[in-house]
Amino acid sequence: ALIDPLLPVDNRDSDVHGHDMSYWPSYSEMTPASRAAYLDWLAKGRPGGAYIGYVFLFFYGIERRLLFDRERESVSSEETHALVDEIERLLGLYGKNNSFSHYAGEFLSLVKSLLIGLEPSLWEPPLVHRGWELPLEVKIGLGSIVASGDPLPSRWALSWLRLHPETSLRTPAVRCEEEFNALFQIRYEQIYGSGMKIRPNKAALKHSYQPSSGSFRSPVSINADGLPNVTRLQRPNRLLRELAESVTNELASYSRWGGTRTRDSLAAIALLPSELVMARQTDELLRFKARIETALSGRDAAIIAVRSLTAGFPAQREDSFSAKEASTFAQLLERLGYGLTPDIRYSKVNLTKHQYAAVFRLDGGDLEPGAGYQAATVLLQLGAAVSAADGTISAEEERLLEAHLEESLHLSSADRTRLRAYLQWLLVEPPTLTRMKSRMQALSDSERSRIARLAITLAGADGAISSDEVKVLNRVYALLGLDGDRLHRDIHELSSAPPSQPVTVLRPDEPGGYRIPPSPAQYRASEVVELDREKIAAIMQDTREVTDLLTEIFEGPTEPEPPEAEPEDTEVEEQTSTATDIAGGLLDPAHAELVRFLATRPSWPRSEFEEASSRLGLMPAGAIETINNAAFDRCDEPLIEGADPLDMNEFALKEMLDVE
């Protein structure tokens, strides 16, 4: 590394490309032409683009200064920091060279952790691989934290995970590195609070540095002051990898989207966990939230025109969402703290089939509506249908019914808010009577009976059916084409005692019974008919199916949707290549044929993959390992990801098939 000014330099034909350089460069043994190229590079300020041997030769000088000269003379802190900054600058220019990245990265760890003498609490733990081993600064930082009895901070846990040589992260963690790092730390702190507590182990940290310069005859031993080598512990490593796998799964959908499309669109952001959505404040997302807040104007719920609400959300067809797009849109609102009615995930109603939608605030509680909410919507739908049949929609009647359902079904606070929003939506989007009646007529007797009996059960969910409720039920029965006598028979069929037996009589304020009006011939105001609780429970279990049935009555049958088009650059053309064309000949014909088969779809159920493997005479587990090993050799990424279903890594697939 030492420059001898007495040695000749040939500037007439400098060896810019290093053709005359040996693998282990030495200034004294270089040709005059190579010395000329090296000195010219130094004089220009060591820019990028030089032959890597010249970069190594300069790096040898820094090694010598900080490892050899430092032992014999004073090297100031300012000079040490300046040399560290220069190494980091060169890594930015030449870090793609694996050999230089390894040696320079290892040397940086050595200098930062021992020569500069920083406290680990002041370090920013590294997250980028610059070598094949866990960096010394990470080992010392982890050992210092554990030895002091402090919990392991999330940033250090992430560094340990990412840089450990045995860690193999799947595509979402690599492709969406920033999102993975952020979510990993969030989930880590949710589980471990201020950090994982690790008991110091007995194995002491021992480290030696092998200089890249051949002038050093042996490794440089490092004294770690008796710190424990916690990186040898298996349990923390296992827990961190399990957490990484969980975080990777959370980001899988977002990663697949971001493989070929912009990651800042509203549809992409909807695929992120809510914690990351709140941190992703793009201009488009801020405008979207502003529209919702303007409509709410401080209220819990509001009606918004669907076209205004969905503006800017990417869709395959203008002004119309597919079922998947409608679900993703509802998920976006949920990530931002809002609920939506109609929500296709719970009602099978696509909001873009309507002119208006209701948006409401999700202030805690369960995000998914409970069974009680589903039951309440059945009776509200029927109430709206009855009102529509009479030619009027009475908001007051609907609100009284909603209040009755909130109390009698013991709805949670979140579901009460959801139900009020649903009622607002029903009042502006009532059922269309003409279509509804024709669909009612198409119902079978069994379907009519199920709807009617559930309506009675819900009306009497508080233990009493008033005369006003009987009137509503009569209108429901009429809408279903059932007569009034059938209503009274159905009421008595739900009683715990047959009509022929004596009727139990209780005072109105005495608990324990369900007051059901008898048929007109038997009606007495003081009678109370107890209901069979098992019958009631059995009918309530039918809520979801009846809700879906009513949705089809009010909305019409679900129309089959055309398959969603994939972006052009994610499609893989049919291959007619031979086995040697797959992964550059790394696979035998059977495995190559399996890759061609897998290329026809982006995701496969495990059962179909196993069947295809068996047809080719391959063991499924072994086939995955063989194909992924070839993919790693080809592009440093696995082809097959996940357990069930098995997802195809689009980038790896293109590399395996050599698709441009």
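Just so it is clear, the values below take in all heavy atoms, side chains as well, and ignore hydrogens, waters and symmetry mates. Residue numbers run from 1 in the order of the sequence given.
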- If you count the non-hydrogen atoms of other residues, nucleotides and ligands that lie under 6.0 Å from OH in Y356, is the total more than 12? no

- Query: More than 12 non-hydrogen atoms from neighbouring residues, nucleotides or ligands closer than 6.0 Å to CD on E178, yes or no?
  - Reply: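 No, because the 6.0 Å sphere around CD of E178 holds 12 heavy atoms or fewer from other groups.
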
- Item | E275 side chain reached by Q190 side chain, heavy atoms, under 4.5 Å |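 Yes, side chains in contact.
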
- Message: Tell me if the centroids of the rings in Y346 and Y373 come within less than 6.0 Å of each other.
- Response: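 No - the distance between ring centres of Y346 and Y373 does not fall below the 6.0 Å cut-off.
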
- Test item: W160 and P236 side chains (from C-beta on) under 4.5 Å apart, heavy atoms: yes

- Task: Would you check if K353 and P342 make a side-chain contact, meaning some heavy-atom pair closer than 4.5 Å?
- Result: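 Contact flag for K353/P342 side chains = no.
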
- Query: Considering residues, nucleotides and ligands other than R232, do more than 12 of their heavy atoms fall under 6.0 Å from its CZ?
  - Reply: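 For R232, atom CZ is not crowded (no more than 12 foreign heavy atoms under 6.0 Å).
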
- Out of curiosity, I52 CD1 to K96 NZ, how far, rounded to the nearest 0.5 Å? 12.5 Å

- Spacing of CG belonging to L205 relative to OG1 belonging to T231, to within rounding of 0.5 Å: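 L205 atom CG to T231 atom OG1 measures 7.0 Å (nearest 0.5 Å).
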
- Take atom CZ in R606; do more than 12 heavy atoms of anything else shown fall under 6.0 Å from it? yes

- Note on the structure: Distance col, row N628:CG vs I640:CD1, nearest 0.5 angstrom, shows 5.0 Å

- When the ring centroid of Y188 is compared with that of W156, is the distance short of 6.0 Å?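 They do not qualify: ring centres at least 6.0 Å apart.
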
- Does CZ in R299 sit with more than 12 non-hydrogen atoms of other residues, nucleotides or ligands closer than 6.0 Å?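 Yes, enclosed.
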
- Item | Derivation and outcome, side-chain hydrogen bond (donor to acceptor under 3.5 Å, both in side chains), residues D264 and T262 | CA-CA 6 Å; D264 285 331; T262 173; 5.0 Å; no

- Are P153 and I145 close enough that some pair of their side-chain heavy atoms sits under 4.5 Å apart? yes

- Identify the residue among L243, L127, L240 that makes a side chain to side chain contact (heavy atoms under 4.5 Å, CB included) with L161.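 Single side chain to side chain contact (heavy atoms under 4.5 Å, CB included) partner of L161 among L243, L127, L240: L240.
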
- Query: According to the interplanar angle, ranging from 0 to 90°, do the rings of F321 and F329 count as parallel (below 30°), tilted (30 to 60°) or perpendicular (above 60°)?
  - Reply: tilted

- Query: How many angstroms lie between CG in N629 and CG in L639, if you round to the nearest 0.5 Å?
  - Reply: 12.0 Å

- How many angstroms lie between CZ in F597 and CH2 in W604, if you round to the nearest 0.5 Å?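 Reported to 0.5 Å precision, the distance equals 3.5 Å.
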
- Return yes if some donor-acceptor pair links the side-chain N/O of N649 with the main-chain N/O of P638 below 3.5 Å, else return no.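 Pair found, side chain donor or acceptor close to backbone of P638.
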
- Task: Find the distance between CD (E650) and CZ (R256) and round it off to the nearest 0.5 Å.
- Result: 9.0 Å

